[in-house]
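Report on the following structure.
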2 protein chains.
Amino acid sequence: MTVSGSNGVPAKTVERLVVYRRLLQKLAEQGDTHVHSHEIAELANNSAAQVRRDLMIIGYSGSPAKGYDVKDLINRINRLFEKKGGQKVALVGIGKLGRALLAYFNLRQPRLKIVAAFDNDAEKIDTETHGCKCYHIDEMTRVISEEGITVGIVTVPAAVAQHVTDLMLMAGVTGILNFAPTRLKVPALAVVDDVDIATKLEKVAFFCD
Amino acid sequence: MTVSGSNGVPAKTVERLVVYRRLLQKLAEQGDTHVHSHEIAELANNSAAQVRRDLMIIGYSGSPAKGYDVKDLINRINRLFEKKGGQKVALVGIGKLGRALLAYFNLRQPRLKIVAAFDNDAEKIDTETHGCKCYHIDEMTRVISEEGITVGIVTVPAAVAQHVTDLMLMAGVTGILNFAPTRLKVPALAVVDDVDIATKLEKVAFFCD
DNA sequence: TAGTGTGAAATAGTTCACAGCC
DNA sequence: GGCTGTGAACTATTTCACACTA
């Protein structure tokens, strides 16, 4: 199953909320306390109506006079994400891309830490990259269940992606971000999202003339 | 402007066609000559009706008896993509992610070669990574127009992404794949697609329970 | 009086269902 | 009998439009 609004909030809205939060944080840093829908809309470039609807969906109200309270709204969005359980993340496949992701998330991102990385290359085992311990694939099941990890990132070659996925699911992972250029088969209760870079690039190349 | 069916073919369909081609190539390698819509559908996991519709859109017909001719269909899809002009790609920002992408595209992908990479770090200049020459940002305008590059990949920090984008657009790039966590402002005739990894991960974490 | 909340219309995208063909 | 091509139905998402409010 692909991501969808199994919750109350539709997937598209969730995606946009993450973007809004990023923008709001920037606004908060530069001291803005209130913001109007059309201002958020412009930064996120979508329509003001969309922003209002998204915020309505999560039950947040602004005032016509001042707009939306920046701090308050950030908290509201955070609460929405935090009430969810598993925020521990595992990464499988410590190649170039894997390391780039480790650096990205564990240096910049405060939430959603990657707490364990796995590979089958003996050289990489037991090293520590960006504050994240590297284990052999064989230890994956153990580590994932011990740590209570629920989100996995797959950056292995397409040929082994399904195998790795199956192992992760069995160990207790329920959400997977897949960078391998294959569609993963998962049970209906698990969630997969694909980041298919090659396809995206082809698409851009196709539509630009 | 975001990618859309400014052409005849809707963006979603293009995306799926790229996936189909990948699957078809695998089938061709293992000697299959014909394939049915529901077989493609299963591999790509969407519905058979969808596959049929997508192929109908690009004007390809199968026969009820044998299904679709694999080789022929690959050619048909390739022709669709090749008739488009610019397939030369530039990458800006030779960080970890940039290098991972260089490795990915220039080792595996036969089409869509990244022919030039740019960074402002003096150390990286004039080296050659994965068959791709690295230049200083200041040379970008020159190199892009000389080489006739039309597609750009942005892997620089968010703070400079817009600046880099503007330079690229001015030099003649019309399609951009953006990895920086910002929405880029571009003129209506240019095409941008975002690969917002952090957002995707948040989304997966949100929907898995 | 500009900006919010929200029903209603419009648009985009997906699946159904069935005629026609091999 | 199972598969394709395709209109029609259905679903999801976006935008419009306007009453309402501070």
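In what follows, chains are A, B, ... by sequence order, proteins preceding strands, each numbered from 1. Heavy-atom basis, side chains included; hydrogens, waters and symmetry copies ignored.
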**Min side-chain heavy-atom separation T174(A)-V191(A) under 4.5 Å** = no
**Item:** Distance in angstrom units between Y60(B) OH and dC3(D) C1', rounded
**Value:** 15 Å
**Request:** May I have the distance from M56(A) (atom CE) to dT13(D) (atom P), rounded to whole angstrom?
**Result:** 14 Å
**Request:** Could you tell me whether R22(B) and D196(A) make a salt bridge, using a distance below 4.0 angstrom between a side-chain N and a carboxylate O?
**Result:** yes
**Message:** Assuming nearest nucleotide by heavy-atom distance, tell me which of A65(B) and A65(A) is located more 5' along DNA chain D.
**Reply:** A65(B)
**Message:** For nucleotides 10-19 of chain C, give me one character per nucleotide, 5' to 3': B if any protein heavy atom sits under 4.0 Å from the base, S if the only such contacts are to the sugar-phosphate, - if neither.
**Reply:** ----SB-B--
**Message:** At less than 4.0 Å, is any side-chain N or O atom of S61(B) found next to OP1 or OP2 of dG5(D)? Yes or no.
**Reply:** yes
**Prompt:** Does the cation-pi check pass for R21(B) over F81(B), that is, NZ or CZ under 6.0 Å from the six-membered ring centre and within 45° of its axis?
**Reply:** yes
**Asked** Between dC22(C), dT4(C), dC3(D), which nucleotide has the shortest distance from any of its atoms to the side chain of Y68(A)?
**Response** dT4(C)
**Message:** Rounding to an integer number of Å, can you tell me how far I40(B) CD1 sits from dG5(D) P?
**Reply:** 11 Å
**Prompt:** Given atom CD1 of I58(B) and atom C1' of dT6(D), what is their separation to the nearest angstrom?
**Reply:** 16 Å
**Asked** Can a donor-acceptor pair be found between the side chains of D72(A) and Y60(A) at a distance below 3.5 Å?
**Response** yes
**Prompt:** Nearest of dG5(C), dG3(C), dC3(D) to any side-chain atom of H38(B)?
**Reply:** dC3(D)
**Message:** On the nucleotide dG3(C), are OP1 or OP2 found under 4.0 Å from the side-chain N or O atoms that S63(A) carries?
**Reply:** no
**Request:** Decide, yes or no, whether a salt bridge links K71(A) with D32(A) under the criterion of side-chain N to carboxylate O below 4.0 Å.
**Result:** no
**Item:** Any residue meeting side chain to side chain contact (heavy atoms under 4.5 Å, CB included) with K66(B), in chain and number order, not counting sequence neighbours
**Value:** H34(B), S63(B)
**Request:** Mind calculating the distance between CG (D54(A)) and P (dT14(D)) to the nearest angstrom?
**Result:** 8 Å
**Message:** Using a strict threshold of under 4.0 Å (side-chain N to carboxylate O), is an ion pair present between E82(B) and R79(B)?
**Reply:** no
**Prompt:** Below 4.0 angstrom from OP1 or OP2 of dT4(D), is there any side-chain N or O of H36(B)?
**Reply:** yes
**Message:** Please report the distance, rounded to the nearest Å, between CD in E39(B) and P in dC3(D).
**Reply:** 8 Å
**Request:** Quickly work out the H34(A) NE2 to dT4(C) C1' distance and round it to whole Å.
**Result:** 15 Å
